Number of protein chains: 2
Amino acid sequence: LSLFEISTPAALIDEARLARNIQRMQHRVTTLGARLRPHVKTSKCVEVVRHQSLAGARGITVSTLKEAEEFFDAGFSDIFYAVAIVPDKLDRALVLAERGCALTLLVDSAVAAGAVASSERCSVDVMIEVDSDGHRSGVSPESDELIAIGRLLDRGAARLKGVMTHAGSSYELSDAPALRALAEQERSSCVRAASRLREAQLACSEVSVGSTPTALSAGNLEGVTEVRAGVYAFFDLVMVNVGVCEPSDIALSVLTTVIGHQRDRDLIIVDAGWMAMSRDRGTQRQSRDFGYGLVCDLAGAPIEGLAFTSANQEHGLIDCSDLPEAEVDRFPIGTRLRILPNHACATGAQFPSYQAVDAKGGLRPWSRFNGW
Amino acid sequence: LSLFEISTPAALIDEARLARNIQRMQHRVTTLGARLRPHVKTSKCVEVVRHQSLAGARGITVSTLKEAEEFFDAGFSDIFYAVAIVPDKLDRALVLAERGCALTLLVDSAVAAGAVASSERCSVDVMIEVDSDGHRSGVSPESDELIAIGRLLDRGAARLKGVMTHAGSSYELSDAPALRALAEQERSSCVRAASRLREAQLACSEVSVGSTPTALSAGNLEGVTEVRAGVYAFFDLVMVNVGVCEPSDIALSVLTTVIGHQRDRDLIIVDAGWMAMSRDRGTQRQSRDFGYGLVCDLAGAPIEGLAFTSANQEHGLIDCSDLPEAEVDRFPIGTRLRILPNHACATGAQFPSYQAVDAKGGLRPWSRFNGW
C-alpha cells in the first residue's frame, strides 16, 4: 500500500527525518560528554526507540508504568520512571524490578522516599527530583528537604542513585540566549543539588537533566552525567517556534483526505479533525499560531495559503482564503495532504499505530501503545 | 477492586448519572414525536450504547467506519455514518453493507453522490447533508446543488433516504432563548430542504437533525423524523456552560492520585496530566473557564478552592491558593480525587477502557476503542 491507498487519517513517520533528528541529538549530547537517555513518552514505539538505542542512547526514560512494562517486555532493561512514585504504585513498579528490570524510581517528598525505603520487597535505585525553574515538581537544590530525602534513601531497600531535573519552562522560550541561560540554570541547579548531597556524605553518582530545548542549547554539561529528551525524535511546530528545529525536520505528520468544500466560506474540509490532530493548541500563544497544524503536500512540503484554523471531532477545516480562487481546484475531493502537528507527543497519542515512510515512499506499520 | 485500589489515572462512568442522562434525552425526543439515534462517537462503548438502545433509541450514528465496524460486530445493524463519504472510503463501507449492515451514508457534494450511485456493488441508503448554521459542512437548503445531488442519488446503487443537519454552532451559545432559536433554525432548514426535494419528485423519508444543546432546547420538531445527539450520555463542563446540564449530571470523570505538593506555589500535583484529561480546553472561551477540569471528591462533589490550572503529559497542577493553608493537609500524597472533564468525547478518547461505578461503589470494566 502507498500513501494514496492507506486509510486516512493515519500517523506517518518520515524515517529519514527521524534518523537525522536522532543523530543530531545523540551527537550533541555525546560531544558535551554526557549519556543520552531518551524519553519514550513521545513515540511509545519500540521501533523508534530501537533507532535511538542503535544510535548510542543508554537506557530509556518513561512517564508511566505501562511504558516501563511495555518496553521491558520488548527487551529494554535500563528504565528510569521519571514521575514521582507514590505508595499506591510501588508494588506494580517492584514487580518489574523483581523480574530483572534495572528500574530507577523518582521521589520529591519524604513520604514517597520513606515508602520506597521501607519496602520489604526488592531494593531499587532512586533519584531525587530537583526543581530548577519553578516549572512543576521537585525540591529546591538549596533546601533542607533535599538532604532529608537523601538520608531516607540511604537505607533500607532504596539506593540513592542521584538527582534529576527537567527545565520544562524551556518550552515557553523562543530565543537562543534565553535558552542557553535556562540550560545553564538547569545544569547548575542539578549539579548544586548533587554537591550538597555529596557534602552530606550521601552517594550521588547520577546527575540527570534535560528537555529538548535545553539539551539543544546547553553551552556545556559539566558535572552532568546524562541528558533526557523526548520530542526531538519527531520534533513539532511548538519546537519550530521555540527555535530548535525547522518544519522540514518534523518527522511526524497526519495523512488526511479532502472530503468536501465550502466555497462560499473559503473552506476545504478534511478527514483529520481534532481526534486525529489532538486538541493540543500549543502554538496558540507562540510567535506563530499554526492552528491545528501546518498543511503540507504528500512530499511533506508546506503549502502556502492554507491555514488549518478549526476542527471538529472528525472534520478539519482548512481556510483557503489566501489562495487565488482558481488554486482551490488543486485540492478536489480525494486529495491527500500531510499535516505537521503542533505537539508530537499529543498527536501521536491519538493513534494506535504509525506508518513509517521510507525514502522510496514504502510504508511499514510500527505499533505504538497508549493507556496506563 | 474499589476506587481506592484501581490504578490511576482511570476513566470512571457513574452508572446512575448515565442512566438519568439517557432517560432525559430519550423522554424529550419521544415527547417531541421523533426517534432518537444516539451518536456513539462520545463513548465508543458497547455497554453505554446498549443502555441507550434499551431506553428506546433507534439505530446509532457513527463518525468513523471503525465505529461502524465495531458496533456492527457487537450486534448493532442500523448505522448512520454521519461524515461525508469520499470515494476512497466507499469500498470499506460497502463491505459492511454486504455483510448485512443497514448502513446509511452521507454526501454533501455531487462528486461523492456520483461515486456512490455508480458503484456496482450493493445498493446503499444515502442522506444529503444540509448546512443549517454555517458551522461546518453541508449544502444550503435553498441551493440548486441540493436538488442536483438528490437527482444523482435517485438512480444506480444509491437510494436517497433523506436529509440531515447538525447545528454545531449550538456549542457556542449559553442562553436558553438563543438555543431555542437555533434549534428552530436547525429544524426549519432541514425540513425546508426535505420539502424542496419532495417538490422535485425526489424521495425524502428521513429528516434528521441534532446536537445535544439543540435537542434539549427545541420547542417542537415538526417535520423531523429523527434526532441525533451524543455528548448528553456523559455531559461535560462545556455543556454546563452552554446551560443544558449541571456538574452533578456529568457521568464521566477521571480518577487521579495526589503525587506531590509545591507548598511555596500553592500547588497540588496529581497523576492526571493532559494525557488523561486530553488537551481539550473547551471552556477557555466560555463564561467559566474550568482549566483542565473540575476537581471533585471521590463521591463526585466539587471541592471549593481547587482549580486545575495547568497540565503536563502525566502531571496535573491543581492550584490551591484559594484554600486556607491548613486545608491543604486534607490532600496528602496518595489522596484520590475525581476530575470532571471539559469535553467528554475528548477525555474518553484518551482511555482504552472505562470503569463503570454502580450505586454501591462497585466497579466493572467497560471497554472502548479508538482509532480509525
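Each chain gets a letter, A, B and so on, in the order its sequence line appears, and its residues count up from 1. What you see is a predicted model, and the numbers here were worked out from it, not measured in a lab.
- Interface residue A:Q350: backbone and side-chain heavy atoms are both found under 4.5 Å from chain B.
- The shortest heavy-atom contact between B:V86 and A:V258 is CG1-O, 3.6 Å.
- Distance check: B:S143 OG to A:D264 CG gives 9.5 Å after rounding to the nearest 0.5 Å.
- Considering only heavy-atom pairs separated by less than 4.5 Å from chain A, the leading option among B:S310, B:S353, B:A349, B:A346 is B:A346.
- For B:D329, the CG atom sits in a packed shell: over 12 heavy atoms of surrounding residues, nucleotides or ligands are nearer than 6.0 Å.
- Residue A:E145: no heavy atom, backbone or side chain, is found under 4.5 Å from chain B.
- Each of B:G138, B:P352, B:G371 has some count of heavy-atom pairs under 4.5 Å with chain A, and the biggest count is that of B:G138.
- Interface remark: of the candidates B:V111, B:I85, B:I333, B:I333 forms the most heavy-atom pairs closer than 4.5 Å to chain A.
- Taking A:T8 as the reference, A:T257, A:D271 meet the side-chain hydrogen bond (donor to acceptor under 3.5 Å, both in side chains) condition, with sequence neighbours excluded.
- Atom OG1 in A:T64 sits 8.5 Å away from atom CD in B:Q313 (nearest 0.5 Å).
- A:A276 touches chain B through backbone and side chain together, each having a heavy atom under 4.5 Å away.
- Between B:H135 and A:N312, some side-chain heavy-atom pair lies under the 4.5 Å cut-off.
- With contacts defined as side-chain heavy-atom distances shorter than 4.5 Å, the pair B:R279/A:H343 qualifies.
- Scanning both residues, B:W372 and A:E314, for their nearest heavy atoms gives NE1-OE1, 2.8 Å.
- For chain B, the nearby parts of A:I259 are the backbone and the side chain; heavy atoms of each come within less than 4.5 Å.
- Residue contact with chain B, scored on non-hydrogen atoms closer than 4.5 Å, is absent for A:P332.
- For A:D88, the part lying near chain B is the side chain, with the backbone staying farther off; criterion is any non-hydrogen pair under 4.5 Å.
- We find that B:R265 and A:D131 are joined by a salt bridge, their nearest charged nitrogen and carboxylate oxygen being less than 4.0 Å apart.
- In terms of non-hydrogen atom pairs under 4.5 Å with chain B, the most contact-rich of A:G334, A:G134, A:S278, A:G168 is A:G134.
- With a 4.5 angstrom heavy-atom cutoff, A:S63 touches chain B via backbone and side-chain atoms both.
- Looking only at side-chain heavy atoms (C-beta outward), B:S137 and A:H315 come within less than 4.5 Å of each other.
- Using a 4.5 Å cut-off between heavy atoms, A:R92 contacts chain B through its side chain alone, with no backbone atom that close.
- For chain B, the option among A:M275, A:E5, A:E129, A:R281 with the highest count of heavy-atom pairs below 4.5 Å is A:M275.
- Side-chain contact between A:W274 and B:C345 is present, with heavy atoms from C-beta onward closer than 4.5 Å.
- Annotation: the span from B:Q262 atom CD to A:R136 atom CZ amounts to 10.5 Å, rounded to 0.5 Å.
- Neither the backbone nor the side chain of A:R263 has a heavy atom closer than 4.5 Å to any heavy atom of chain B.
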